[in-house]
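In this chain, residues are counted from 1 in sequence order. Only a predicted model underlies this, so the values are computations on that prediction, with no experimental measurement involved.
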Amino acid sequence: MRIFLPRLARPLAAVLAFAPLVAAAQGFPSKPVRFIVPFPPGGATDISARIVGQKLSEMWGQTVVIENRGGAGGNVGAAEAAKATPDGYTLFFPSGSVMTANEHIYANMNVRPERDFIPITNVVRGAQVIAVPENSPYKTLKDLIAAAKANPGKLNYGHAGIGSQTHLAAENFLLAAGIEIQNVPYKGEGPAVADLVAGQTTTATPNIAAAISFVSGGKLRALAVTSKERAPQLRDVPAVSETIPGFENYGWFGLVAPTGTPKDVVDKAYRDTVKALDSTEMRARFFVQGLEPVGNSPEEFARAMATERARWAKVVRERRIKAT
């Protein structure tokens, strides 16, 4: 049976239908919140999510559950997050590459970041480090570049998967240096770093967050960092720009929500995340990981991602990066 509402009753019906969403936003969160991380444990994305998730758990009085859903350069986790109920209780914690580069690399993506997600905030950003095993014959970045030029395609580098930030950072470096090194994809940054430590690959460009403990522990040798200037966590390590003038590359990790999530919930998640980041304790925890808090607004985050999409489109095109 169809029920027809009088004309004046229809606006009231719309208000009543919206009321539960408003109430939900005011009480958010009233149960555990899930962060989907699109890479396995041990990488910089996972580390960042766990640090901020722990702090938000304390603030909210609700557990933030980290769920790792690796695969396809982050697209597996993105697809799961995109189809989640848009109520704020499932949020997506991607790396920048998932949100800005994958669409240029994967021909048949079933997720479109601009369409399927609402920006909350860029949580942290950090540089990568070009590293080799501790027993590598390459002592400097110039040594590595010279070896690659003398043996084009003979050296190799590991990365977290096609289109990942560690893959794109390396390809950006290869483009700038004018060298060819074979890429070896892994299912996440952690496994790629583990094989680099074991000497299974020539080099890699992991995020500082994922490599710094191995560098300080003497298991990896850092040849250069991709920040514009030397990283304060690795002051003795040159910046790539000291060898290739003007080179700069950062990765970032942020929070987004499935499209349809109420604005009040998005705004609260943004405000609370920024509050969580704005403490000496959190800055110190991220600092030792080679990361710095960002905490920009949803609007600023959206504009920054649009700019980055255009930049990665150029790198992907010139390096002919495609998922196979």
Side-chain angles (χ1 to χ4, degrees), residues 43-45 47-48 94-101 121-132 138-145 148 157 159-160 163-179 181 189 193 203-212 214-216 220-254 277 282-296 300-301 303-316 318-319 321:
T45 317
I47 292 169
S48 302
S95 64
S97 60
V98 177
M99 298 297 293
T100 64
T121 190
N122 181 337
V123 176
V124 289
R125 77 167 191 166
Q128 291 83 25
V129 55
I130 299 176
V132 295
Y138 311 122
K139 308 297 184 184
T140 67
L141 189 63
K142 288 182 179 179
D143 289 345
L144 180 64
I145 292 172
Y157 73 90
H159 58 80
S164 65
Q165 290 190 149
T166 60
H167 178 214
L168 294 174
E171 289 292 336
N172 204 10
F173 162 63
L174 299 184
L175 178 64
I179 58 177
I181 300 179
E189 188 174 21
V193 172
T203 186
T205 310
N207 294 288
I208 290 179
I212 194 167
F214 297 103
V215 173
S216 61
L220 290 178
R221 180 183 303 133
L223 302 183
V225 292
T226 63
S227 46
K228 188 175 183 180
E229 299 174 346
R230 295 192 180 199
Q233 299 87 350
L234 298 168
R235 292 190 181 279
D236 295 332
V237 179
V240 176
S241 61
E242 295 175 41
T243 301
I244 305 173
F247 185 87
E248 183 179 6
N249 196 99
Y250 289 91
W252 57 260
F253 313 100
L277 295 173
M282 289 291 282
R283 290 182 182 278
R285 291 188 68 183
F286 280 122
F287 179 85
V288 298
Q289 298 294 337
L291 298 166
E292 58 179 327
V294 179
N296 54 2
E300 291 168 334
F301 193 19
R303 288 194 294 270
M305 285 192 286
T307 299
E308 200 165 298
R309 285 187 185 99
R311 179 166 65 87
W312 284 124
K314 180 177 183 294
V315 174
V316 168
E318 293 191 13
R319 288 294 301 167
I321 303 171

Exercise for review: Take Val132 and Leu220 through the side chain to side chain contact (heavy atoms under 4.5 Å, CB included) test and state the conclusion after the steps.
Suggested key: CA-CA 6 Å; Val132 295; Leu220 290 178; over 6 Å; no
Practice item. Just do the side chain to side chain contact (heavy atoms under 4.5 Å, CB included) check on Thr243 and Ile145 with the steps written out, would you? Key: CA-CA 10 Å; Thr243 301; Ile145 292 172; 4.1 Å; yes
**Study point:** Stepwise side chain to side chain contact (heavy atoms under 4.5 Å, CB included) test for Lys228 and Tyr250
**Key:** CA-CA 9 Å; Lys228 188 175 183 180; Tyr250 289 91; 4.3 Å; yes
Review point. Going through the checks in order, is the side chain to side chain contact (heavy atoms under 4.5 Å, CB included) test met by Asn172 and Arg311?
Key: CA-CA 11 Å; Asn172 204 10; Arg311 179 166 65 87; 4.2 Å; yes
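Considering OG of Ser97 and NE2 of His159, their distance stands at 11.5 Å, rounded to 0.5 Å. Between Phe247 atom CZ and Ser241 atom OG the span is 9.5 Å, to the nearest 0.5 Å. Of the inter-residue distances, the one linking Ile321 atom CD1 with Leu168 atom CG reads 5.5 Å to the nearest 0.5 angstrom. Rounding to the nearest 0.5 angstrom, the gap separating the NZ atom in Lys314 from the CZ atom in Arg319 is 12.0 Å. The CZ atom of Arg235 sits 10.5 Å away from the CD atom of Glu229 when rounded to the nearest 0.5 Å. Considering CD of Gln165 and CG of Asn207, their distance stands at 5.5 Å, rounded to 0.5 Å.
Counting only distance, with no hydrogens or angles, the side chain of Arg221 and the backbone of Tyr138 share a donor-acceptor pair below 3.5 Å. Judged by distance alone, the side chain of Arg309 and the main-chain N or O of Met99 form a donor-acceptor pair under 3.5 Å. In this structure, the side chain of Arg125 does not engage the main chain of Gly251 through any donor-acceptor pair within 3.5 Å.
Side-chain atoms of Phe173 and Asn249, non-hydrogen and from C-beta on, never get closer than 4.5 Å to each other. Contact of the Gln289 side chain with the Ile208 side chain is not registered, since no non-hydrogen atoms from C-beta on lie closer than 4.5 Å. Here the side chains of Leu223 and Thr140 are not in contact, with every heavy-atom distance at 4.5 Å or above. Residues Tyr157 and Leu174 are in side-chain contact: their nearest non-hydrogen atoms beyond the backbone lie under 4.5 Å apart. Thr121 is not listed as a side-chain neighbour of Val294, based on a closest heavy-atom distance of 4.5 Å or more. Put simply, the side chain of Thr100 reaches to within 4.5 Å of the side chain of Trp312, judged on heavy atoms. When side chains are defined from C-beta on, Glu248 does not count as touching Ser227, because their heavy atoms never get closer than 4.5 Å. Within the 4.5 Å cutoff, no side-chain heavy atoms of Val288 are placed close to those of Ile212.
For the pair Ser48 and Val124, the tightest heavy-atom approach, listed with the atom from each and the gap, is OG-CG2, 3.8 Å. The two residues Pro206 and Thr166 have their closest heavy-atom pair at CA-CG2, 3.7 Å. The minimum heavy-atom distance linking Ala170 with Thr205 is given by the pair CB-OG1, 3.7 Å. Nearest heavy atoms, Val240 versus Ala224: CG2-CB, 3.7 Å. Residues Ala222 and Val129 come closest through the heavy atom pair CB-CG2, 3.5 Å.
Defined by atom type and a distance below 3.5 Å, a donor-acceptor pair is present between the side-chain atoms of Thr226 and Gln128.
Under a cut-off of 6.0 angstrom, the local environment of CD in Glu318 is crowded, with over 12 non-hydrogen atoms contributed by other residues, nucleotides or ligands. Within a 6.0 Å sphere centred on NZ of Lys139, other residues, nucleotides and ligands contribute more than 12 heavy atoms.
Taking the six-membered ring where tryptophan is involved, the planes of Phe301 and Trp252 are perpendicular, since the angle between them exceeds 60° and thus also 30°.
With salt bridges taken as basic N to acidic carboxylate O contacts below 4.0 Å, none links Arg283 and Glu292.
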